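All residue numbers in this chain count up from 1 along the given sequence. We count ligands from 1, going down the list as the structure has it; atoms in each ligand are counted the same way. Here the structure is a predicted model, which means the values were calculated and not measured.
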Amino acid sequence: AVLADNGHDVTLWARREEQAQEIDQAHTNRKYLPDVKLPETLRATSSLSEALKGKEAVLFAVPSHSMREIAREARRWIEADALVIHAAKGFEIDSLKRMSEVLAEELGASYADRITVLSGPSHAEEVIRRCPTTVVVASQSAQAAEQAQMLFMNTYFRVYTNPDVIGVEVGGALKNIIALSAGLVDGLGFGDNAKAALLTRGLAEIARLGHAMGAEPITFVGLAGVGDLVVTCTSSHSRNWRAGHMISQGKKLDEVLATMGMVVEGVRTTKAAYVLKERYQVEMPIAEQLYSVLFADKDPEQAVKELMGRGRTQELEEIIGGW
Ligand SMILES: NC(=O)C1=CN([C@@H]2O[C@H](COP(=O)(O)OP(=O)(O)OC[C@H]3O[C@@H](n4cnc5c(N)ncnc54)[C@H](OP(=O)(O)O)[C@@H]3O)[C@@H](O)[C@H]2O)C=CC1
Ligand SMILES: O=C(CO)COP(=O)(O)O
């Protein structure tokens, strides 16, 4: 809708014919954005070739677990000089690869310089109402990042560029772990101090793993770090926050995911972080406790007790050093 508002010729692809038809003809998307009228110029199809042929840019906005499969399929139709952007916030669970790595593998080396990630605090429910929103685009090529910036930027959607692809992707993925935890903490009625502690110490965990993976720590105080962390941990639009909240009320994970009917990226990302923290030898106590709550039926109140009872430590020693 942002791109259509900017006057671009946009074709959405949806895997279900009936959804494509609804968007194309009625200009609505009742399942995902009820009570919203989409731009009249926005077209939709269930044919990938129709969506991709002749297009100067392609935005992959599928859940991270389906990125490889869709990219593999899309490769046949994407123009050789197309700009490739993705907006997924997660890792590939088996390989622990970032989405730009998955795209580069599937689309081929010739696209590496044109792969861009778009991330930041941007709940779809508000973007579609044209509420003021800021995001960041990152690419290894300044030219690709600026091209994406120009395509999306308008009066309600402000786009910044950043050369740190790893930081922007890792920040966008890991914030969902903290958003799930924030839903739990809010649901348990632990108050504002606990929530602030979770966001701040969550950010320390994100920066610690991100730094070890090659990110610039400063990226995490930007839109893909603090920005997305704040919006996802404080908004009831967030599926990750809502999932955590439901679990705090005694619901089982399977039940929560079935009720949601939309992707809750933080669940898979918690599994990924559990393995990544071992691989990079970094401490992620919040992610570790959330892992036990989600996958080993740990009582969330006990998880909080254990987090509060950890040994004494410095605040940011890995990043700023000690005395
Ligand atoms: N929602 C938001 O505000 C934001 C989301 N994101 C990120 O965007 C990504 C997508 O999220 P979002 O759109 O919200 O997720 P939703 O669950 O709301 O919608 C998922 C969409 O992807 C389709 N889909 C699911 N699995 C597949 C598959 N295997 N192949 C093809 N299509 C599939 C669904 O189709 P169907 O209906 O047929 O299942 C549906 O159209 C996530 O990584 C998320 O973190 C990033 C920024 C903001
Ligand atoms: O990433 C998002 C907003 O920036 C959407 O978060 P949820 O997936 O938790 O809804």
Notebook entry, point to check: Could you walk me through whether Lys89 and Glu169 pass the salt bridge (Lys or Arg N to Asp or Glu O under 4.0 Å) check?
Noted result: CA-CA 7 Å; Lys89 294 174 176 171; Glu169 289 190 313; over 6 Å; no
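- Judged by distance alone, with hydrogens and angles left aside, the side-chain atoms of Ser66 form no donor-acceptor pair with the main-chain N or O of Val62 at under 3.5 Å.
- In this structure, Leu276 and Tyr280 have side chains that are in contact, with non-hydrogen atoms separated by less than 4.5 Å.
- Protein heavy atom in closest approach to atom 47 (C) of ligand 1: Lys89 NZ, 3.3 Å.
- With a 4.0 Å cut-off on non-hydrogen atoms, Met262 touches ligand 1 through its backbone as well as its side chain.
- Geometrically, Arg158 engages Tyr160 in a cation-pi contact, judged by NZ or CZ lying under 6.0 Å from the ring centre and within 45° of the ring axis.
- Of the possible polar contacts, one joining the Ser122 side chain to the Gly120 backbone as a donor-acceptor pair under 3.5 Å is found.
- Judged by a 6.0 Å distance limit and a 45° cone about the ring axis, Lys271 is not positioned over the six-membered ring of Tyr291.
- Ligand 2 has no N or O atom lying under 3.5 Å from any N or O atom of Trp241, backbone or side chain.
- For Ala61, every heavy-atom contact with ligand 1 shorter than 4.0 Å involves the backbone, none the side chain.
- Under 4.0 angstrom from ligand 1, the non-hydrogen atoms of Ala87 all belong to its backbone.
- Residue, atom and distance of the protein heavy atom nearest to atom 3 (O) of ligand 1 are Ala124 N, 2.8 Å.
- Arg130 places a side-chain N or O within donor-acceptor distance of the main-chain N or O of Ile128, the cut-off being under 3.5 Å.
- Heavy-atom contacts of Thr232 reach the following atoms of ligand 2: 6 (O), 9 (O) (cutoff under 4.0 Å).
- Ser119 does not count as a contact of ligand 2, since none of its heavy atoms falls under 4.0 Å from the ligand.
- Within the listing of ligand 2, atoms 7 (P), 8 (O), 9 (O) sit less than 4.0 angstrom from a heavy atom of Asn240.
- When the heavy atoms of Arg239, Arg15, Arg68 are ranked by distance to atom 33 (C) of ligand 1, first place goes to Arg15.
- Residues Ile206 and Val165 fall into different hydrophobic clusters, defined by Ile, Leu, Val, Met, Phe, Trp and Tyr side chains chained together at heavy-atom separations under 4.5 Å.
- Annotation: Val263 places no N or O atom under 3.5 Å from an N or O atom of ligand 2; distance criterion only.
- For Ala14, the heavy-atom gap to ligand 1 stays at 4.0 angstrom or more.
- Residue Val263 holds the heavy atom nearest to atom 17 (O) of ligand 1 of all those in Thr232, Val263, Val127.
- Atom 48 (C) of ligand 1 has its closest protein heavy atom at Ser122 O, 3.3 Å.
- Among protein heavy atoms, the minimum distance from atom 43 (O) of ligand 1 is reached at Glu265 OE2, 2.6 Å.
- The closest protein non-hydrogen atom to atom 10 (O) of ligand 2 is Arg239 NE, 2.5 Å.
- A heavy-atom separation below 4.0 Å is not found between Gly90 and ligand 1.
- Trp77 contributes no side-chain N or O that, together with a main-chain N or O of Leu52, makes up a donor-acceptor pair within less than 3.5 Å.
- With respect to atom 34 (C) of ligand 1, the closest heavy atom belonging to the protein is Tyr32 OH, 3.6 Å.
- Among protein heavy atoms, atom 23 (C) of ligand 1 sits closest to Pro63 CD, 4.3 Å.
- Less than 4.0 angstrom separates some heavy atom of Pro121 from each of these atoms of ligand 2: 4 (O).
- Distances from atom 6 (O) of ligand 2 to the heavy atoms of Lys175, Glu265, Lys89 put Lys175 nearest.
- Within ligand 2, counting atoms from 1 as listed, the ones closer than 4.0 Å to a heavy atom of His123 are 3 (C), 5 (C), 6 (O).
- In summary, Glu106 and Arg72 engage in a salt bridge, as defined by a charged side-chain N under 4.0 Å from a carboxylate O.
- At a 4.0 Å heavy-atom cut-off, ligand 1 touches Gln19 through the side chain alone.
- The protein non-hydrogen atom at the shortest distance from atom 4 (O) of ligand 2 is Asp228 OD1, 2.7 Å.
- Val117 places none of its side-chain heavy atoms less than 4.5 Å from the side chain of Met99.
- Considering only non-hydrogen atoms, atom 30 (N) of ligand 1 lies nearest to Ile70 out of Ile23, Ile70, Val62, Val264.
- At least one heavy atom of Trp13 sits less than 4.0 Å from an atom of ligand 1.
- Defined by atom type and a distance below 3.5 Å, a donor-acceptor pair is missing between the side-chain atoms of Gln143 and Gln147.
- The Gly120 neighbourhood of ligand 2 comprises atoms 4 (O), with distances under 4.0 Å to a heavy atom of that residue.
- Judged by distance alone, with hydrogens and angles left aside, the side-chain atoms of Glu92 form no donor-acceptor pair with the main-chain N or O of Lys97 at under 3.5 Å.
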